[in-house]
Amino acid sequence: MTREERLQWWNEARFGMFIHWGLYASLAGEWKGEKIRGIGEWIMYKAKIPIPEYESLAKGFNPVTFDAEAWAEVARQAGMKYVVITAKHHDGFCMFDSSSNPYNIVKQTPFKRDPMKELAAACNKRGIKMCFYYSQAQDWHAPGGAGHWDEIGPLGTHRSYTRPPEDFQKYLDAVVKPNLTELLTNYGPIGLIWFDTPVAITPEQSRSLCDLVHHHQPACLVSGRVGHDVGDYGSLGDNVHPVGKVKGAWETPATLNDTWGFKADDHNWKSLDCLLELLVNCASKGVNYLLNVGPTAEGVIPQPSVELLKQIGAWLERNGEAVYGTVASPFLVDPGWGRVTCKGETLYLLIKQWPAGELKLYGLRNKVRSARVIGVPEAKVGMRQEGDLLALSLPVKAPEKLFSVVAVTVDGVPEAEQLIIQDGAAALYLPLVLGEIEGKVTVSQERGTERWKDMGNRASWRIRINTPGEYEVVVVTRANKNHPEWFGNHDVQVSIDGAHVTGTVGVRDLVPSPDDGAIFQCPRSRVGRIRIDNAGDHTLRVQAVRMDPTAERGLTLVAIELTLATEKT
Ligand code: GLC
């Protein structure tokens, strides 16, 4: 079976449920009266809990209110098409019955049931794909696992991530492979195995895990975090949302609050508004959204999670055709009013800011045939197509409070101009991930650039200007508030055609950053004004003309922003 065949259901699905559930839930973020910072499932590590003490949590783990039917129903109502649950997390405890690994829920807890069996049945009944998370490398409990307590370390008790390679191989053979075989043979068809944190693993070892999965279940997908790019699809970082096109199959694992595993005092729930935006944004980049719940030790999914998921599901119930089975938007950048997805000859416009006048879409190459407002079949949509502009006259009132959808059918497969087009008075935003890079620079969806240390490096963007005039140029960089070495004092030159402007960027005390508690901040440095004399297509280039050698990360460029200051008269 080919990777493409395996990915078929997954590409259709677009939205899944992540479940982090294990012994850590019974601590709920607290150890011996002390609140432990960080994500809940890491408490064994963070609070330095010795193995025997952590093991004894199993004696009190009795989730009698666990109801697989209820969990699967929450997923179904949310419109989630697959469920990925932690069969074994980094704490090494198996949440399934295992004859190869006695450290498991059936053998060690008064509960004695196998929740994975029950959940698999409940998911199957609803046509939801059952999938397992399995921590293949980090195991703080099994000897040989990465991060295992090293009792004889020179500093006393500490975790060792540099296992002797032969110990790690022994752990893979004695624990991981038998466990995986059980998961792949005792629970019916499995949609995917979600491996994680591939520390200390070699390319051969990652490949051998892929082979084992595909040997038992040729249709079962392997997540990218198996390591060394040998999985069936890629995993963006935790809560990392794509800002530009991504090539290939990707997924974003994301939280509803700040933790994955249950923490009693984490009430930092995202709003429905924010969650829908993240879901829609993922879909517009062809990325799957894997959204997490962290049930309690009693087996209950926290009520705020259930409520939020229900509301997402209600929106999907009405507008799901714009998400399921769609592919990424053909446009290089998102329109200011929302996002775009695509299916066959239809473009779905997911509109957050319903227009007062016409809705404008720039850069579509196809001829438009028809347009309809989802949920308002009787609505008439006026259409005007001139050059690269499509303008739609929509009903005055938006059918949805958050994202309303207009489906536009075109001749052929939708195609768009691959440049950044000026949209009215809105600023032109040029993210580095959409630029052409010359030189040695690391670019990432989440971070912009790092290691831009060479004055020979260049980035450039193709832009289409509709209004000639003087433009204000702002350079956005990225910094870690707690690390002065992330800032810097660099001079950057921005040029368009013959004109250029130079300014200093990223200096810590010069650029006001919002103090919103976030560790990462994106200071915006104004570098000056630049003239663009003619409407039409231009190339904007940026380079460093002086670099601060003390800035450890080099120039951490995220984007350039152009705002029209005065129109040419
Ligand atoms: C991380 C964490 C882990 C969590 C996962 C979810 O890599 O180590 O605790 O399960 O992300 O994506």
Side-chain angles (χ1 to χ4, degrees), residues 10 15-29 31 36-49 54 80 82-96 116 131-142 145-148 159 161 176 179 183 191-201 206 209 221-228 231-242 249-263 266 270 275 278-279 282 287-295 301 305 444-447 519:
W10 187 86
F15 188 30
M17 175 184 270
F18 216 168
I19 306 178
H20 276 69
W21 197 42
L23 293 181
Y24 40 82
S26 60
L27 295 177
W31 177 242
I36 306 299
R37 283 166 63 102
I39 43 184
E41 71 285 4
W42 272 72
I43 192 162
M44 179 183 179
Y45 181 95
K46 292 272 165 69
K48 300 190 164 57
I49 304 175
Y54 195 86
M80 293 160 148
Y82 57 114
V83 165
V84 185
I85 183 164
T86 46
K88 170 171 95 68
H89 206 269
H90 310 332
D91 65 358
F93 188 71
C94 292
M95 292 295 283
F96 59 101
M116 302 296 146
C131 312
F132 291 120
Y133 170 109
Y134 188 91
S135 180
Q136 81 281 21
Q138 281 198 86
D139 190 316
W140 306 323
H141 180 270
H148 184 257
R159 303 211 179 258
Y161 276 87
V176 177
N179 273 186
L183 290 170
L192 59 91
I193 302 283
W194 216 95
F195 292 108
D196 196 11
T197 60
V199 285
I201 198 165
S206 293
L209 296 183
L221 291 159
V222 172
S223 83
R225 296 195 193 176
V226 70
H228 305 285
D232 288 308
Y233 68 88
S235 175
L236 293 174
D238 297 347
N239 286 306
V240 168
H241 288 278
W250 290 85
E251 175 183 65
T252 287
T255 49
L256 279 166
N257 48 355
D258 292 335
T259 185
W260 305 89
F262 179 70
K263 277 187 95 171
D266 184 344
K270 297 185 176 71
L275 291 165
L278 295 173
L279 167 69
C282 278
V287 170
N288 277 16
Y289 188 42
L290 184 63
L291 187 55
N292 182 71
V293 295
I301 301 178
S305 309
S444 76
Q445 287 280 342
E446 58 219 284
R447 290 190 295 267
I519 294 171

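Just so you know, ligand 1 is whichever comes first in the structure, and atom 1 is the first atom listed for that ligand. In this text the structure is predicted, and so the values were computed from the model without any measurement. Values below: all heavy atoms of this structure, side chains included; hydrogens, waters and symmetry mates excluded.
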Non-hydrogen atoms of Gly147 and Trp140 that approach each other most closely: O-CD1, 3.2 Å
No-hydrogen, no-angle side-chain donor-acceptor test under 3.5 Å, Ser135 and His90: yes
Polar contact flag, side-chain donor to acceptor under 3.5 angstrom, Asp91-Tyr54: yes
Asn239 (side chain) donor-acceptor with Thr255 (main chain) under 3.5 angstrom: yes
Donor-acceptor pair between Tyr233 and Asn288 side chains, under 3.5 angstrom: no
Please produce the table of protein N or O atoms sitting under 3.5 Å from N or O atoms belonging to ligand 1, one pair a line, distance to 0.1 Å.
unit_1	atom_1	unit_2	atom_2	d
ligand 1	7 (O)	Asp196	OD1	3.3
ligand 1	7 (O)	Asp196	OD2	3.4
ligand 1	7 (O)	Arg225	NH1	3.4
ligand 1	8 (O)	Trp42	NE1	3.0
ligand 1	8 (O)	His90	NE2	2.9
ligand 1	9 (O)	Glu41	OE2	2.5
ligand 1	9 (O)	Trp42	NE1	2.9
ligand 1	9 (O)	His89	NE2	3.2
ligand 1	10 (O)	His20	NE2	2.5
ligand 1	10 (O)	His89	NE2	2.8
ligand 1	11 (O)	Asp238	OD1	3.3
ligand 1	11 (O)	Asp238	OD2	2.6
ligand 1	12 (O)	Arg225	NH1	3.4
ligand 1	12 (O)	Asp238	OD1	2.7

Side chain His228, main chain Ile201, donor-acceptor under 3.5 Å: yes
